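Some notes on the structure that comes next.
For ligands, and for the atoms within them, numbers begin at 1 and follow the listed sequence. Quick caveat: nothing in here was measured; it's all calculated off a predicted structure. The figures that follow rest on heavy atoms only: side chains count, while hydrogens, waters and symmetry mates do not. For reference, positions follow the sequence shown, starting with 1.
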Amino acid sequence: MASENARPEVTQTVSFRTDRPQTVGPDAPELPFPIKLSGPVQRGFGRGGKDLGCPTANFPDESLPPMSSVTKTGVYYGYARIYCPEHEKTPLCDEDSKVLPMVMSLGWNPFYKNERMTAEIHILHEFQRDFYGFEMKALVLGYIRPELDYTSREALIEDINTDKRVALNSLGRPAYEKYISDGHF
Ligand SMILES: Cc1cc2nc3c(=O)[nH]c(=O)nc-3n(C[C@H](O)[C@H](O)[C@H](O)COP(=O)(O)O)c2cc1C
């Protein structure tokens, strides 16, 4: 994983964006995957939901050391689950408490020129309520693409939509699907 002091060069290619594969990675996760992450959901800058139609749940810095086994910033795919605290007044409904497919952006968000590296998870599910502060666990199973710098918000939205499709296709393979019932969750 790139350290916060050594900001990596950012890919700025249009050629990368055309002709993206719709399924990525080997037929079964290969080391260093699966990578296990957990921690309380933190608020991001709030642009994901508003600007991009893609709300993200952020992990705190303390949850990120397991990602040091990968060297690349960029977009990853896997599964995540939100855990409702026992005494919560309005608990999460059953559908919101399942193990669900996710895409994770690990990096500097060059489009927004962030100063800190972040791990933001977008869960492919429409939640009935928000869950800031709740425990989130994730299993990262593969890598989709490098982080890109965009000249337009529309291009970023288009690529995030492709990331979601690629994640669902890639997780649909039997060796990935079985991680839904992994002991981590
Ligand atoms: C699947 C996915 C892919 C992303 N890819 C990029 C990217 O290539 N470049 C970039 O600058 N930001 C990327 N982002 C990050 C968005 O810019 C980020 O979610 C946005 O900054 C919203 O963050 P906020 O809710 O903390 O404001 C990606 C986010 C997601 C969920």
At what distance is the nearest protein heavy atom to atom 30 (C) of ligand 1, and which residue and atom is it?
S105 CB, 3.6 Å

Shortest protein contact, atom 6 (C) of ligand 1 (heavy atom only)
L156 CD1, 3.6 Å

Considering non-hydrogen atoms of the protein only, which is the closest contact for atom 11 (O) of ligand 1, and what is the distance?
F111 N, 2.8 Å

How would you list, by chain and number, every residue that makes a ring pair (Phe, Tyr, Trp, His ring centres under 6.0 Å) with F131, sequence neighbours excluded?
F127

Which atoms of ligand 1 are found less than 4.0 Å from any heavy atom of L148?
7 (C), 8 (O), 9 (N), 10 (C), 11 (O)

Contacting atoms of ligand 1, where contact means under 4.0 angstrom from a heavy atom of D163
1 (C), 3 (C)

The criterion is ring pair (Phe, Tyr, Trp, His ring centres under 6.0 Å); which residues satisfy it with Y79, sequence neighbours excluded?
none

How close does the nearest protein non-hydrogen atom get to atom 20 (C) of ligand 1, and which residue and atom is it?
Y112 CE1, 3.5 Å

List the closest protein heavy-atom neighbour of atom 12 (N) of ligand 1: residue, atom name, distance to the nearest 0.1 Å.
N109 CA, 3.8 Å

Are R129 and D96 close enough for a salt bridge, meaning some N to O gap below 4.0 Å?
no

I'd like to check which ligand 1 atoms, numbered from 1 as shown, lie under 4.0 Å from a non-hydrogen atom of L52.
16 (C), 20 (C)

Ligand-side contact atoms (ligand 1) for residue partner V103, heavy atom cut-off under 4.0 Å
1 (C)

On a heavy-atom basis, I'd like to know which of R153, R145, E120 is closest to atom 18 (C) of ligand 1.
E120

